[in-house]
Protein chains: 4
Amino acid sequence: MPKQKEQFEEMRLQTIQKLQKAGLKLFAQKGLAATNIKEIAKEAQVSLGLLYHYYSSKEELYLSLANEAMEKSRLLAEQMNQLEGSVGDKLSLFVEAFLNGVQKEDGIYYFIIISQLFETGNPEADRQLLDKKRQAIENLARLVEQGQKDGECVEGDPFQLAAALISATQGIASFRLMFGEGFGLPDKSILLRILTK
Amino acid sequence: MPKQKEQFEEMRLQTIQKLQKAGLKLFAQKGLAATNIKEIAKEAQVSLGLLYHYYSSKEELYLSLANEAMEKSRLLAEQMNQLEGSVGDKLSLFVEAFLNGVQKEDGIYYFIIISQLFETGNPEADRQLLDKKRQAIENLARLVEQGQKDGECVEGDPFQLAAALISATQGIASFRLMFGEGFGLPDKSILLRILTK
Amino acid sequence: MPKQKEQFEEMRLQTIQKLQKAGLKLFAQKGLAATNIKEIAKEAQVSLGLLYHYYSSKEELYLSLANEAMEKSRLLAEQMNQLEGSVGDKLSLFVEAFLNGVQKEDGIYYFIIISQLFETGNPEADRQLLDKKRQAIENLARLVEQGQKDGECVEGDPFQLAAALISATQGIASFRLMFGEGFGLPDKSILLRILTK
Amino acid sequence: MPKQKEQFEEMRLQTIQKLQKAGLKLFAQKGLAATNIKEIAKEAQVSLGLLYHYYSSKEELYLSLANEAMEKSRLLAEQMNQLEGSVGDKLSLFVEAFLNGVQKEDGIYYFIIISQLFETGNPEADRQLLDKKRQAIENLARLVEQGQKDGECVEGDPFQLAAALISATQGIASFRLMFGEGFGLPDKSILLRILTK
DNA sequence: CATGAATGAGGCTTCATTCAT
DNA sequence: TATGAATGAAGCCTCATTCAT
């Protein structure tokens, strides 16, 4: 590839990253409807017209971020499952990853985006995101089920247990965003205890 | 003869209730920004203009509902504290009330409204709501502290523990709204276990 | 007429007077478009429905007041012409009446209403009011013409001279309304000098 | 290549001028409240939304025009004072400038805007405009005072005299707008006579 | 005669999106 | 690629007017 094309490609990437970062922050803080595209362009230091070069609509930018968030979550689950070790070790990794993530600026925004519901008003898009959320819970539920067989997890409906943990993480991310660093994150043990003996 | 004052009062009350019910549902489902006033009026079977006889703006209706939600939460806390019995009994009442509430249409909407963050964009209003949320957690934290002294609650920072439980309830309410009744609520014991031995 | 009817008649008159007074004040202060009918009803301490018993629309109330104002102006002109005396005496009466009127609350409002232009947007109504204004100037102009023959008035186009005096009175009424009593009214001689030697 | 800054600046200026011209005409003819924004946009041959790129509200456009009108008036006063010559010469310039201005389309609109009172309903804005009006009268009053010392002006309270002249100009502008060119403007001498011997 | 709740058209304003350069 | 001016549909809100009692 000639030098020039690489440079353009570099610029493209930078612009996209700036837009993603700005969109992520604002969508997480205010939701899709309350965020306006001009504000995103301003935060990203990019002109309005350029934004529309990369995303055909506000909704598309939002969906790309929501899908990215779900993808990150899926990758974590995959990583967790590939880990050699007991169910307890895996859950521990999961909770740790959450607690680490929620302390980073972008990380918390991804968690918040995931927790948002019915933002687009587009039934198809909303349903797809919903499915991914359900799958994430189900993945964790399967792990819990395994943990119950191994005697590491508490008894009870695995889906309910998994949902309880994920609920707690979402609530915590939400409080963290609301209160800022003044909201001390709970110890790993507090969260782990929801699922393990 | 002028229409009797009582009649007018009766009419007013009915209209207000219809507006509250409609607003609660829609704000919970879609948030303040994504809900439009026409939709609320339609859902309430009331003309658009009439809404403005009772609320000076969409935001005011939202805030009145958010405050009502916080007030209901405060009342539950009060009731819980007045209960004669161990800390475990009190927490049990709390979780039960949550699980009952979240199964009712209005109940779940109130929980969702409470979990929404920075909806108004009005700094003063947002801050006031935030304060009430913090207080709710602190109230529960005090109870946990007592429970720790009595040997009923698990060890750990009381505020973090309280936040974990409330986080879980909010996440659950959120999932319930997303998935509908297909999302089975967790057993009381799963939630109680977050705080108690 | 039976007693009761008289009483009703009395009430009618009182209501109408309250409405006129309130309408006059508000229309003068803010103009037709910026004044709202609810405010008039409130100022008059009369219910909205009752206002519509007496006036079929906001415009009708405005026009009734504007016409009343023109009528008062016409009556003054008539009175002035019937006065036995020189043109100077007549003009003196005119200026005196103006300076007296503008010091009374209702009086100033009438002068202001007269000076408003194209308030209704209704071509027919606006034209009628305009005609009356032109007539008022022409009436005064005829007097000036007479004064010129008698050697009491300054030379120049009588219509222009009359317009200059009336212009001055309108501007003065306007300043008086703007500045309140802090705006000292000019001496009679200052105004008379516009027309007389 | 991005559109050159100069080009944008040029476009901005043109649009602003079109909006000012349209706003001036309509506000003068019908007042702030009775003029609607759609009409202004149409008259300016500009889209509705574009108006809001340049003015944050209808009121802001109005105020910018009102302030511009006052500024023009102030400039005339300044010019008048800098003139070498007697007080009579200065007043002559003033009256001439008025009579010239009132014959031009924009000129008359500026005079009318100045004469409008309490249009915005915004106490702060209204008060600021009022202050400027008072100052304009006071400036003229100082000149009259000088003229009295020089024996050129008639006796009497200088502020009252100045107010009488300005009142007359406002009333004349108002009649001219009402009646159109059918309303012959008074000779310069008629107006000058208000202040000078 | 009297009340004020109720209606909905119309006004002001915002903002996602387009487009000329 | 990059800019931001321009558009207009849609949202919030106001208010003249009607109407049941």
Side-chain angles (χ1 to χ4, degrees), chain A residues 4 7-9 11-12 15 33-42 46-61, chain B residues 1-5 7-12 14-15 33-41 46-60, chain C residues 4 7-9 11-12 15 33-42 46-61, chain D residues 1-5 7-12 14-15 33-41 46-60:
Chain A
Q4 262 220 317
Q7 283 178 327
F8 278 136
E9 191 55 24
M11 287 167 74
R12 288 178 61 89
T15 300
T35 301
N36 72 51
I37 212 99
K38 224 169 178 172
E39 213 178 342
I40 295 176
K42 198 175 173 186
V46 150
S47 77
L48 209 45
L50 195 50
L51 190 157
Y52 277 90
H53 264 291
Y54 295 103
Y55 299 95
S56 67
S57 70
K58 179 166 85 158
E59 188 179 308
E60 192 191 297
L61 172 54
Chain B
M1 203 191 310
K3 187 174 279 196
Q4 297 308 311
K5 281 209 170 174
Q7 281 177 295
F8 279 135
E9 196 51 35
E10 175 65 21
M11 289 165 77
R12 292 175 68 88
Q14 278 195 9
T15 301
T35 301
N36 72 45
I37 222 87
K38 221 170 178 172
E39 222 176 337
I40 295 177
V46 144
S47 79
L48 218 175
L50 193 50
L51 193 155
Y52 287 90
H53 272 277
Y54 300 102
Y55 299 94
S56 66
S57 66
K58 181 168 80 157
E59 186 181 311
E60 195 192 294
Chain C
Q4 263 218 317
Q7 285 180 328
F8 278 135
E9 193 54 26
M11 288 166 72
R12 286 179 63 90
T15 301
T35 300
N36 73 51
I37 211 99
K38 226 170 176 168
E39 214 179 340
I40 295 176
K42 200 176 172 184
V46 149
S47 77
L48 208 47
L50 195 50
L51 190 156
Y52 277 91
H53 264 290
Y54 295 103
Y55 298 95
S56 67
S57 68
K58 180 166 85 157
E59 188 179 308
E60 192 192 298
L61 173 54
Chain D
M1 202 191 308
K3 186 175 281 199
Q4 298 308 313
K5 281 210 172 175
Q7 280 178 293
F8 279 135
E9 197 50 36
E10 175 65 19
M11 290 165 76
R12 293 176 66 89
Q14 277 196 9
T15 301
T35 301
N36 74 47
I37 222 86
K38 221 171 177 169
E39 225 175 331
I40 296 176
V46 144
S47 78
L48 219 173
L50 192 51
L51 193 154
Y52 287 90
H53 272 277
Y54 300 101
Y55 300 94
S56 65
S57 65
K58 180 169 78 158
E59 185 180 311
E60 195 191 294

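By convention in this document, chain letters (A, B, ...) are assigned in the order of the sequence lines, proteins followed by strands, and residues within each chain are numbered from 1.
Here dA20(F) presents its C1' atom at 15 Å from CD of Glu10(B), a figure rounded to the nearest Å. Rounding to whole angstrom units, NZ of residue Lys5(B) and C1' of dT21(F) are separated by 16 Å. Rounding to whole angstrom units, CD of residue Glu9(D) and C1' of dG4(F) are separated by 12 Å. In this structure, CD of Glu59(A) is placed 18 Å from P of dC15(E), rounded to the nearest angstrom. As a whole-Å value, the separation of Phe8(B) CZ from dA5(E) P is 6 Å.
Where Asn36(D) and Asn36(A) each meet DNA chain E at their nearest nucleotide, the meeting point lying more 5' is that of Asn36(D). Checking Lys38(D) against Met11(C), the closest nucleotide of DNA chain E that is more toward the 5' end is the one next to Met11(C).
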Discussion item. Walk me through whether Tyr54(C) and Val46(C) qualify under side chain to side chain contact (heavy atoms under 4.5 Å, CB included).
Written reply: CA-CA 11 Å; Tyr54(C) 295 103; Val46(C) 149; over 6 Å; no
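A 4.5 Å side-chain heavy-atom check between Arg12(D) and Glu9(D) finds at least one atom pair inside the cut-off. Contact annotation: the side chain of Met11(B) never approaches that of Gln14(B) to less than 4.5 Å [non-hydrogen atoms, C-beta and beyond].
Ala33(B) meets the side-chain contact (heavy atoms from CB on, under 4.5 Å) test with Ala33(A), Ala34(A); sequence neighbours excluded. The side-chain contact (heavy atoms from CB on, under 4.5 Å) search around Lys38(C) returns His53(B), Asn36(C), Leu48(C), not counting sequence neighbours. Under the side-chain hydrogen bond (donor to acceptor under 3.5 Å, both in side chains) criterion, Ser56(B) pairs with Glu60(B), sequence neighbours left out. Applying the salt bridge (charged side-chain N to carboxylate O under 4.0 Å, His left out) criterion to Glu39(B), with sequence neighbours excluded, gives Lys30(B).
Near DNA chain F, defined here as any heavy-atom distance below 4.0 Å, the residues from residues 47-58 of chain D are Ser47(D), Gly49(D), Leu50(D), His53(D), Tyr54(D), listed numerically.
The minimum heavy-atom distance linking Thr35(C) with Lys58(C) is given by the pair O-NZ, 2.8 Å.
Within the 4.0 Å cut-off from OP1 or OP2 of dT1(F), not a single side-chain nitrogen or oxygen of Thr15(A) is found.
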Discussion item. Give the dot-bracket line for DNA chain E from 5' end to 3' end: parentheses for intra-strand Watson-Crick or G-U pairs under 3.5 Å, square brackets for crossings, | for inter-strand pairing, dots for unpaired.
Written reply: .||||||||||||||||||||
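At distances below 3.5 Å, not a single donor-acceptor pair connects side-chain atoms of Lys42(A) with backbone N or O atoms of Ser47(A).
Of the candidate nucleotides dT21(F), dG11(F), dA6(E), dT21(F) has the atom nearest to the side chain of Gln7(B). Residue Ile37(C) places its side chain closer to dA16(F) than to any other of dC13(F), dA16(F), dC12(E).
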